[in-house]
There are 2 protein chains.
Amino acid sequence: MIKADIKKAIYCSGTLTAKCNIEIKTNNSMNVNGKDYRTIWMEGSSVFMIDQNRLPFEFVIFKSENYLTTCKAITDMTTRGAGAIGAAAGFAMAQALMSKPEKTNDLFIEQAKKDIQKTRPTARNLFYAVELVFEAGKNGAEEAFRMAQQIAEKDIDDSRAIGFYGNDLIEDSSSILTHCNAGWLAFVDYGTALSPIYTACNSGKKVFVWADETRPRSQGARLTAWELYNAGIPHRIVPDSAGAWLMAQKKINLIITGADRIAANGDTANKIGTFEKAVLANYFKIPFYIAAPTSTFDLNCSTGNEIIIEQRNPEEVLYQTGPDEKGIIHRIRVASPGSTAINPAFDVTPASLITGIISEKGIIKADQESIRKVTSKN
Amino acid sequence: MIKADIKKAIYCSGTLTAKCNIEIKTNNSMNVNGKDYRTIWMEGSSVFMIDQNRLPFEFVIFKSENYLTTCKAITDMTTRGAGAIGAAAGFAMAQALMSKPEKTNDLFIEQAKKDIQKTRPTARNLFYAVELVFEAGKNGAEEAFRMAQQIAEKDIDDSRAIGFYGNDLIEDSSSILTHCNAGWLAFVDYGTALSPIYTACNSGKKVFVWADETRPRSQGARLTAWELYNAGIPHRIVPDSAGAWLMAQKKINLIITGADRIAANGDTANKIGTFEKAVLANYFKIPFYIAAPTSTFDLNCSTGNEIIIEQRNPEEVLYQTGPDEKGIIHRIRVASPGSTAINPAFDVTPASLITGIISEKGIIKADQESIRKVTSKN
């Protein structure tokens, strides 16, 4: 799918809630082999998505014809990342409403809503999107479809605005470290942590990116590296433990990561290892920024202590999957057979270690007052 | 090979240089499937070593009949780790001297010396051992053999003394983090960072060990985990980036790592990632110790800035090797095909972040004065 030309598109701050006011002059959307893509999109009653389980070794578009198939694609991580999951859930709800036979009663829709909500129980965007599309559906399937599209567009607008604001932090000839993947693939397009980098590169700045490997699922080595390669941005994969060495060599000017949830006081949950980089940034006096839309703020969590950290299957640490030189995929053991591992999926970086949060409404401090202000305008 | 019972052995502080004075009461040497082993040993003119390239998936003893085969075993990392390499080099030199035909002139021996020195050009212990055995060989092959054995015994004595002193730092029911492998396998026996843990466990203390995975070569997940499993010590493998999370949860009481080289001011080169753990330990106020024999001190380096960091092949980061479920070994790509990586082998932890150094002569501060004192007694 080739997207419309957005080189002169108008940025709409909160399509769902607010007025347009920023002009985005550059096109730094996802580009694969010279073609523009979104991570996920809907045409008619079909949902299309980049199959992230097959990246970076194969680039395949997965097509889902009905809401149950879209549910399965969320569960098995064919699509993943906060923004992409939200869009997928909205599209799935729309698919259910659009497929509703004339005589099917509301039980079908209620069941579909539950099915979608079950796919990834902890993803906040998912519930938000399902609810909005479900409500819109009360005015007909067409309204549901429109709302689902609007949620996806809002995700793109937010990501693009984060790029716009974050670009101000990036000096020419910078070297930037990022952790995990918060780029195109984690959102509908542009991303959060990588969006300022794409914007900076498009505006003519020279940027070098250090992509943390991000064990155990290696989103940095597999997805961020893949994105940067496709965007033509110079980069290197960095073993997770080489950060201090890089910083001591003065090879990192700035750190930007994404966020999975931000508490009311600015404490930020993100991929395991983010906290380590923040401690190092503090030691080496390097600016450390979180890039996330304001929808990531969870005002029900007063501090990071209230955020429960998901413990994932230790096998993600003990085994690795990938192709041999002939392209045949193998799952191999990479740890001693008698031992097991811990596998916390996230950690919580204290607000005191965060230089600022790049949101779609501008860059704010990671403190209660700033977060209250920026969210009260929603 | 079953070692002699050393349950009541006498610790000889510096067999090569000093007098016995400490009684070691416990046997915490390498134990595999109920049998005692050394990492490397010599019988007659043959050198035997645990094949570390095949661990942790196969336990195989490699036998080398001549010095050239032993050289190859050092080069291809059949044996690895500071102490083990030193012992291997000494044994290789002895093999050369023992194989010398009556009528062969000194050219043969000179060539052998050069061959051994070429195997791992940066390993300091190697040159030290080769020189000692070469000199001893001037009094005959028997003296060379005796000196090579003495070097291996000294390595064991030092490791055991490090265990004796380090044990004092370990309280009952401690949780200890270690990085890379500085256990049995890196030395002739006992190890350095793990030796205090083995001593503590043998003295009846309950100890839990967190073993950093240690990407890219995964010495923690492959070798340290293997050792701890064989020693029956409870442990878990930890993704390199989960350290801050563990420390924030107050799940780590103490950190001990080994060292590859220690500068005159206490700055310490060790496996990449050690520096990160030291910065975290400082942030969380957790004691951070280096365990290493005094032979690791390099007084020719005034500070860590003079230590050159070896950059290894990026393929170690981009590929992983291990068995599938049928035991067939595969080498798979674990990173995006278009990207490459950095792979610094070591980093240098500033002395200011090191709580102390556990040496075979006791625990000292990581400063110039303490290092000068402890080395001047050599």
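Every chain is numbered from 1, with letters handed out A, B, ... down the list of sequences.
- To the nearest 0.5 Å, atoms CZ (A:R215) and CZ (B:R215) are separated by 6.0 Å.
- Listed options A:V279, A:T224, A:L228 were ranked by heavy-atom pairs under 4.5 angstrom with chain B; first place goes to A:V279.
- The distance from the OH atom of A:Y319 to the CD atom of B:E325 is 8.5 Å, given to the nearest 0.5 Å.
- Residue-environment remark: CD1 (A:I308) stays at or below the threshold of 12 foreign heavy atoms within 6.0 Å.
- There is no contact between B:L223 and chain A, counting heavy-atom distances below 4.5 Å.
- For the options A:D347, A:V317, A:L280, heavy-atom pairs under 4.5 Å to chain B are most numerous at A:L280.
- In this structure, B:F57 has no ring pair (Phe, Tyr, Trp, His ring centres under 6.0 Å) partners at least two apart in sequence or on a different chain.
- Contacts between A:T349 and chain B at a heavy-atom distance below 4.5 Å are absent for every atom of the residue.
- Using a 4.5 Å cut-off between heavy atoms, B:I309 contacts chain A through its side chain alone, with no backbone atom that close.
- Of residues 230-241 of chain A, those residues with a non-hydrogen atom less than 4.5 Å from any non-hydrogen atom of chain B are, in numerical order, A:H235, A:R236, A:I237, A:V238, A:P239, A:D240, A:S241.
- For A:K271, no part lies near chain B; criterion is any non-hydrogen pair under 4.5 Å.
- Of the two parts of A:L318, only the side chain, counted from C-beta on, holds a non-hydrogen atom closer than 4.5 Å to a non-hydrogen atom of chain B.
- With a 4.5 Å cut-off on non-hydrogen atoms, A:E213 touches chain B through its side chain but not through its backbone.
- Contacts with chain B (heavy atom to heavy atom, under 4.5 Å) involve these residues of residues 329-342 of chain A, listed by number: A:H330, A:R331, A:I332, A:R333, A:V334, A:A335, A:S336, A:P337, A:G338, A:S339, A:T340, A:A341, A:I342.
- The minimum heavy-atom distance between B:W245 and A:F275, with the atom names listed, is N-CD2, 4.4 Å.
- Between the OH atom of A:Y283 and the CD atom of B:E276 there is a distance of 12.0 Å, given to the nearest 0.5 Å.
- Between chain B and the residues A:P323, A:A242, A:A221, A:A225, the most heavy-atom pairs under 4.5 angstrom are made by A:P323.
- For the options A:W210, A:Y229, A:F284, heavy-atom pairs under 4.5 Å to chain B are most numerous at A:Y229.
- Proximity to chain B (any heavy atom under 4.5 Å) is shown, for A:P314, by neither the backbone nor the side chain.
- Take B:D267 and apply the side chain to side chain donor-acceptor pair (under 3.5 Å) test, not counting sequence neighbours, and it matches B:N265.
- If you measure heavy-atom distances from A:P344 to chain B, the contacts under 4.5 Å come from the side chain alone.
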